[in-house]
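A short worksheet on the structure shown next.
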Amino acid sequence: MTRFVFVTGGVVSSLGKGIASAALAALLQARGHTVRMRKLDPYLNVDPGTMSPYQHGEVFITDDGAETDLDLGHYERFTGVHARRSDNATTGRIYSDVIARERRGDYLGATVQVIPHITDAIKEAIVSDTDGYDFVLVEIGGTVGDIESLPFLEAIRQLRNDLGHDQTMCVHLTLLPYIPSAGELKTKPTQHSVKELQNVGLQPQILLCRCDRPIPQTERQKIANFCNVRPEAVIAAPDVDTIYACPITYHQQGMDREVLRYFGLPHETSPDLSRWEKIVRAVREPKGEVRIAVVGKYTALLDSYKSLAEALLHGGIAQDVRVRMNWIDSEELEKDGKIEEHLRGMDGILVPGGFGERGSEGKINAVRYARENNIPFLGICFGMQMAVIECARTLAGLKNASSTEFGPTDEPLVGLMTEWARGTELLRRREGGDLGGTMRVGAYPAKLAENSRVAQVYGKTDIRERHRHRWEVNVHYREVLEKTSLRFSGMSPDGVLPEVVEYPDHPWFIGVQYHPELLSKPFDPHPLFSGFVGAAKQESQNRK
Ligand code: GLN
């Protein structure tokens, strides 16, 4: 029997519903249950793929090529369970499916309405593709009381009747603000928020209360009375110094026990949380520190680089160091004298993914600085493309080297496959022949060259990594570039698409066309990040 746990949020946004859901899933896993996690987002975009990173933060990519909400990244990092396309649905997706069915005539002349057609489609999205899991945790984006989340809450209300209360439960995340003048944690916002849920027919069974101090017994009892839950089901979610402490703190507060108790499952024994204890210890008590410059263009909203920041932290766990991240706006590095000022003393330089020309010259400057000063360098996606352009311009003498992403150029080092492989055997050799010109999203295999640094880092030559980009490094320039010291050390299995470049004569310089940060886990740091942070650690020791 698959049990469904719905997680809603109230009072304010940004309480960390995604992390709370993921931490609960990790606890259920630690107790031997299988879990699957999904997110329902009430906005009208069909997926977040077209949204600005400033609006929405990072777009998380699944193996099967879906562009999804960044919370799916938390789910994967806490559970290790790889998400699928079916694990993220938005109002836009639901409506477009229902409207497409209506156009096809599937509703046989019925009036198509929010209830039952939209709610049915939501219920379908919740239960589809969940066979065989003990628990499915479903997070509802937004805050209760929002007009746009109503159809989702209604669908959950119906589903609780359809499946039965013994197979479904609701967890509600709220905030208990501390008011200094009153010297108290205030419960009223929580009461109001639960009332909103009750108005639409939903009674939460567990309240997870964000707070910056312990909840006194009297307040706990008050919340229980007013919100119609057991006092034991009022769980404190205290602020933590690292998100990876959440499974431990939630367990200490009795969260997993309450969930299992509700479903009538064994809950008296304690789960083995040593995995999380080890991670937390490594984060809290590192043996040293490295400084990494991340030269990006969305640095004003660090959620745009969520997985990247986590992966760097994981690299630090692997190397037993704290990774201090210096987020640098790449446009800064286009100003006189700023390169040295920003990058001097860095133990590693990372140029992450990005879109569009703005800031690209600054990224190219950062690449050059890392290459010429022998500073460990990791280029990701756009970062690899800029590394190739830098090589072409500075070492291969192709002054006009550029990417067609920035407009027409006579040296298209980076281009769409439809541009640089049009009508050639290369493009025909690609499965289907029409990959160019559209986004390459999802997991793809690659072959690493024997004896390359990247193969040494992975400890193997066959890899599979997640991509999200339209442009590709133009393989026609391989020969010219390899006449310099650059190596194309990873290619798509058919030899058409450059996936990894490196300088063997540099202490550690690797550029990858894919996004390794999407696969890193705190309990299984990605080899490229542990390798990069390891090289940075070496660099910081050399400097001493
Ligand atoms: N803008 C580049 C492309 O589409 C890189 C994308 C990225 O870094 N994710 O190819």
Side-chain angles (χ1 to χ4, degrees), residues 47-63 65-68 70 73 294-299 301 303-309 311-312 327 329-331 349-364 366-367 377-390 392 401-409 412-421 430 435-444 446 465-475 477 490 492 496-501 510-520 526 528:
D47 64 41
T50 54
M51 281 158 93
S52 152
Y54 288 125
Q55 278 278 316
H56 190 264
E58 166 185 274
V59 174
F60 191 78
I61 304 303
T62 58
D63 286 329
E67 299 181 279
T68 70
L70 57 73
V294 185
V295 182
K297 62 192 281 186
Y298 313 117
T299 47
L301 179 70
D303 263 1
S304 314
Y305 298 110
K306 195 80 227 162
S307 294
L308 182 69
L312 280 167
W327 301 92
D329 176 357
S330 53
E331 276 182 296
I349 295 175
L350 192 154
V351 177
F355 291 82
E357 188 166 19
R358 179 178 69 80
S360 59
E361 291 302 320
K363 292 183 177 188
I364 291 172
V367 173
F377 173 85
L378 179 58
I380 294 178
C381 204
F382 196 73
M384 167 193 179
Q385 298 173 357
M386 295 308 107
V388 168
I389 290 172
E390 193 277 326
S402 185
S403 167
T404 59
E405 185 172 358
F406 313 149
T409 161
L413 268 288
V414 178
L416 300 173
M417 270 199 84
T418 43
E419 294 163 350
W420 60 257
R430 299 292 304 174
L435 274 180
T438 58
M439 271 254 195
R440 180 147 73 111
V441 226
Y444 287 83
E465 293 277 359
R466 293 183 191 164
H467 291 248
R468 180 181 187 237
H469 52 101
R470 248 181 215 107
W471 281 266
E472 308 275 356
V473 170
N474 184 344
V475 77
Y477 284 94
S492 58
V496 174
L497 301 172
E499 308 281 37
V500 189
V501 296
I510 295 179
V512 296
Q513 185 57 77
Y514 47 82
H515 288 274
E517 71 273 24
L518 300 177
L519 290 184
S520 191
H526 191 288
L528 275 173

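Note that the numbering runs from 1 along the sequence shown for the chain. For ligands, and for the atoms within them, numbers begin at 1 and follow the listed sequence. Note that the coordinates shown come from a computational prediction; the quantities given were computed from them, not determined experimentally.
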- Item | Side-chain (Q385) to main-chain (S403) donor-acceptor, under 3.5 angstrom |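 It does not hold such a pair.
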
- Task: Could you tell me whether the side chain of K363 and the main chain of S330 form a donor-acceptor pair under 3.5 Å?
- Result: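 Flag not set: sc K363 to bb S330 has no pair under 3.5 Å.
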
- Task: Please list, chain by chain and in numerical order, all residues satisfying side chain to side chain contact (heavy atoms under 4.5 Å, CB included) with T409, sequence neighbours excluded.
- Result: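 For T409, the residues satisfying side chain to side chain contact (heavy atoms under 4.5 Å, CB included) (neighbours in sequence not counted) are S402, T404, E411, P412.
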
- Contacts of D303 that satisfy salt bridge (Lys or Arg N to Asp or Glu O under 4.0 Å) - sequence neighbours left out: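 Result, salt bridge (Lys or Arg N to Asp or Glu O under 4.0 Å) vs D303: K306.
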
- Out of curiosity, L308 CG to Y298 OH, how far, rounded to the nearest 0.5 Å?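 If we round to the nearest 0.5 Å, L308:CG and Y298:OH are 13.0 Å apart.
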
- For E58, which residues count as a side chain to side chain donor-acceptor pair (under 3.5 Å) partner, sequence neighbours excluded?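 By the side chain to side chain donor-acceptor pair (under 3.5 Å) rule, E58 matches S307.
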
- Within the protein, residues bringing a heavy atom under 4.0 Å of ligand 1, chain by chain: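 Its neighbours under 4.0 Å (heavy atoms only) are G353, G354, F355, C381, F382, Q385, E405, R468, H469, R470, W471, H515, given by chain and number.
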
